[in-house]
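Everything quoted here is computed from the prediction, not taken from an experiment.
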Amino acid sequence: MLKTIASQIKEFKRDSILTPLFMLAEVATEMVIPLLMASIIDKGVEAGDLGHIQRTGLWMLLIALVSLIVGVLGAKFGARASAGLARNLRQAMYENIQTFSFSNIDKFSTSGLITRLTTDVTNIQNAFMMILRMCTRAASSLVVAMVVVFLISPRLASVYLGAVVVLGVVMYFIITKVMVHFKQVFRKYDDLNASVQENVSAIRVVKAYVREEHETEKFQTASQNIYQRFLSAEKIMSWVSPLMTATVYTCILLISWLGAHMIVSSTLTTGELMSLLTYCMNILMSLMMLSMVFVMISMSIASAERISEVLNEKPDLSNPENPVLQVPDGSVAFRDVAFSYKKNAEEPVLKDITFSVRAGETIGVIGGTGSAKTSLVNLISRLYDVTEGQVLVGGRDVREYDMEALRNQVSVVLQKNVLFSGTILDNLRWGDESATLEDCVRACKLACADEFIQKMPDGYDTYIEQGGTNVSGGQKQRLCIARALLKKPKVLILDDSTSAVDTATDAKIRAAFAQEIPNTTKFIIAQRVSSVSGADRILVLDNGRISGFDTHENLLASNEIYRDVYQSQTSGGGDFDEGGDD
């Protein structure tokens, strides 16, 4: 875990080394000042030597200035090192997330990843800053002060040593208790972020069903859980300040009382007593700073573990040693394919799947909810790997291809596709960054999107809000189809992506595909028989198995499942599984 986090310091190693060095220099200068103060009192004030007071005062001023400079430099380099580490951690996590396969993503919740990228990284940043500056300063100050105190008066130094031991034991007990709560509190942040994310993304549904009060209560519950954990931790931490204060004043009283007796007996000077009192504050303040560092480290350990989980997660899918970079054509074949989302699953999602599709064919895919329609087409673009068997595109196993090269030739349009904030052109050019306006218009005409885009005030420069909230579901689907077409794929998969458009528009889109992209293999997953009846062949899935694979007419004659679906829709029963989810 520590090695994983430390590996992201990278170009900020120099700053990470300079920061503690400047902190040590600051401590060294500060430790000299009490000795100079003692010299002023003993050799200047009591001896009446004004010159000594002036000379020593100038040295104190110079040393204080040096201390200020090295302190500022330490703060500057420390800020750069900690902020740089946070930046690199976020970047490394984000880049690693981009390499995840769907199975990797399934291990982490969206809210959990957001917490890791924000709250957890901030905790690491703060802890790293405190380790570089406060920990170095406090530890070195404590050691130097104890050494100087023992050199001045071993007898009085025993008071400090006793206080350090007592406070050390107490702080260890407090920190172990606090760590339990801090480890749990960051898990609660996932629930809080999930509540906010879900509410904001579905705010229209919340308002439509008048569920604002319910969502507010859910958020309050998540917030209350965090509050309770922090409150429990703070109750324990509240003992730190009074214990520190009591220890400080006890030490001051004991040193003053014992020191006064030693001054009377001429075994200690007044200046040395003053320096001892100053070092007393230094030692105890160092202990307080160290306690804060340990608490921050306790908080950050849980965060470090969560961040390391993301950084150490290896993609389940990877390119072969010598990947194939060209997809010859859009032919697709499944050979004895079985697939499970989990290796230890009792029952596979897909079983005994074998069929072949020629390049340029249009294949309809139909089946009930849970029949694994989406799971099947996900294997074509290698979003998952098969458990058994082979999936071939262009005559080669998809595992032989470079994944980027394969996915550039297999476009997938989902039922719940996403539009990003930006203009319509910006969103379309996700399919082809170099696409001209004419290319975009042509693709939109094929997807029957041009007609509504032209009616918008700014046309293709119309701004799309995050998630496409300012366009309808049907408009969003048509824009996503146009975006996929701009990739000029050899295989186009429409995963129930015309469910939000009317049947007439659906028919226009299918007719445009047949005329304009005849060489592209098309898989059309649909709930409506009318959407697939014109396909060259139709694949009927039932509980993860192929129930039938033939033309519309032949399936009506030979396949009971397909015939029941057709009759239920044509006799006024409605679309089969309309709005269902795979």
Side-chain angles (χ1 to χ4, degrees), residues 23-68 71 134 137-174 239-292:
M23 290 297 100
L24 289 173
E26 184 181 21
V27 169
T29 53
E30 287 184 353
M31 291 298 104
V32 173
I33 290 178
L35 295 176
L36 295 176
M37 289 176 59
S39 178
I40 287 177
I41 294 172
D42 293 337
K43 298 179 182 179
V45 176
E46 292 188 356
D49 188 346
L50 185 61
H52 180 80
I53 294 174
Q54 291 174 340
R55 288 191 302 273
T56 308
L58 287 173
W59 275 110
M60 288 179 65
L61 184 62
L62 179 62
I63 291 172
L65 182 61
V66 172
S67 179
L68 174 64
M134 192 178 290
R137 176 186 172 85
S140 58
S141 180
L142 178 64
V143 172
V144 173
M146 286 296 294
V147 169
V148 175
V149 166
F150 269 99
L151 290 174
I152 294 173
S153 174
R155 181 184 176 188
L156 293 180
S158 61
V159 176
Y160 296 116
L161 187 60
V164 169
V165 172
V166 171
L167 284 177
V169 172
V170 172
M171 288 307 303
Y172 174 79
F173 177 78
I174 289 175
W239 286 93
V240 174
S241 182
L243 284 172
M244 286 288 183
T245 303
T247 305
V248 168
Y249 285 116
T250 301
C251 284
I252 290 173
L253 288 172
L254 286 172
I255 290 168
S256 298
W257 184 69
L258 292 173
H261 284 286
M262 293 175 71
I263 290 171
V264 171
S265 61
S266 299
T267 56
L268 188 73
T269 66
T270 304
E272 287 174 337
L273 178 60
M274 292 298 297
S275 64
L276 285 170
L277 291 173
T278 304
Y279 285 125
C280 172
M281 294 302 296
N282 279 332
I283 290 171
L284 298 175
M285 288 304 297
S286 295
L287 279 173
M288 185 172 289
M289 284 193 287
L290 284 174
S291 68
M292 293 172 61

Participant: Enumerate, atom names and distances included, each donor-acceptor pair closer than 3.5 Å involving a side-chain atom of residues 29-40, sequence neighbours excluded.
Facilitator:
| residue | atom | partner | partner atom | Å |
| --- | --- | --- | --- | --- |
| Thr29 | OG1 | Ala25 | O | 3.2 |
| Thr29 | OG1 | Glu26 | O | 2.7 |
| Thr29 | OG1 | Ser67 | OG | 3.3 |
| Glu30 | OE1 | Arg137 | NH2 | 2.8 |
| Glu30 | OE2 | Arg137 | NH1 | 3.3 |
| Glu30 | OE2 | Arg137 | NH2 | 3.0 |
| Ser39 | OG | His52 | NE2 | 2.8 |

Participant: Please identify each residue that fulfils side chain to side chain contact (heavy atoms under 4.5 Å, CB included) with Ser158, with sequence neighbours left out.
Facilitator: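 For Ser158, no residue satisfies side chain to side chain contact (heavy atoms under 4.5 Å, CB included) once neighbours in sequence are set aside.
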Participant: Would you call Gln54 and Leu58 a side-chain contact if the rule is heavy atoms closer than 4.5 Å?
Facilitator: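 No, too far: nothing below the 4.5 Å cut-off.
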Participant: Only one of Thr269, Leu258, Leu273 clears side-chain contact (heavy atoms from CB on, under 4.5 Å) with Ile263; which?
Facilitator: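 Going through Thr269, Leu258, Leu273 one by one, the side-chain contact (heavy atoms from CB on, under 4.5 Å) with Ile263 is satisfied by Leu273 alone.
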Participant: Out of curiosity, Thr250 OG1 to Ile255 CD1, how far, rounded to the nearest 0.5 Å?
Facilitator: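 With rounding to 0.5 Å, OG1 (Thr250) is 10.5 Å from CD1 (Ile255).
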Participant: Would you indicate whether the side-chain heavy atoms of Val148 and Ile152 approach each other to under 4.5 Å?
Facilitator: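 Contact flag for Ile152/Val148 side chains = yes.
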Participant: Between the side chain of Ser265 and the main-chain N/O of Met262, is any donor-acceptor distance below 3.5 Å?
Facilitator: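 Checking the backbone N and O of Met262 against the side chain of Ser265, a donor-acceptor pair under 3.5 Å is found.
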Participant: Tell me which pairs pass ring-ring contact (aromatic ring centres under 6.0 Å, His included) where either residue lies in residues 250-270, with sequence neighbours left out.
Facilitator: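 For residues 250-270: Trp257-His261.
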Participant: Does anything in residues 141-152 pair up under side chain to side chain donor-acceptor pair (under 3.5 Å), and if so which pairs, sequence neighbours excluded?
Facilitator: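 Listed by first then second residue: Ser141-Ser286.
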Participant: With a 4.5 Å heavy-atom cut-off, do Leu156 and Val149 have their side chains touching?
Facilitator: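 Heavy-atom side-chain distance check fails, nothing below 4.5 Å.
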Participant: Which residues pass the side chain to side chain donor-acceptor pair (under 3.5 Å) test with Ser256, sequence neighbours left out?
Facilitator: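 Listed in chain order: nothing, the list is empty.
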Participant: What residues, two or more places apart in sequence or in another chain, satisfy side chain to side chain contact (heavy atoms under 4.5 Å, CB included) together with Ser140?
Facilitator: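 Applying side chain to side chain contact (heavy atoms under 4.5 Å, CB included) to Ser140 gives Leu24, Val27.
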Participant: Distance from Leu61 atom CG to Thr56 atom OG1, nearest 0.5 Å?
Facilitator: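 So the CG of Leu61 and the OG1 of Thr56 are separated by 12.5 Å.
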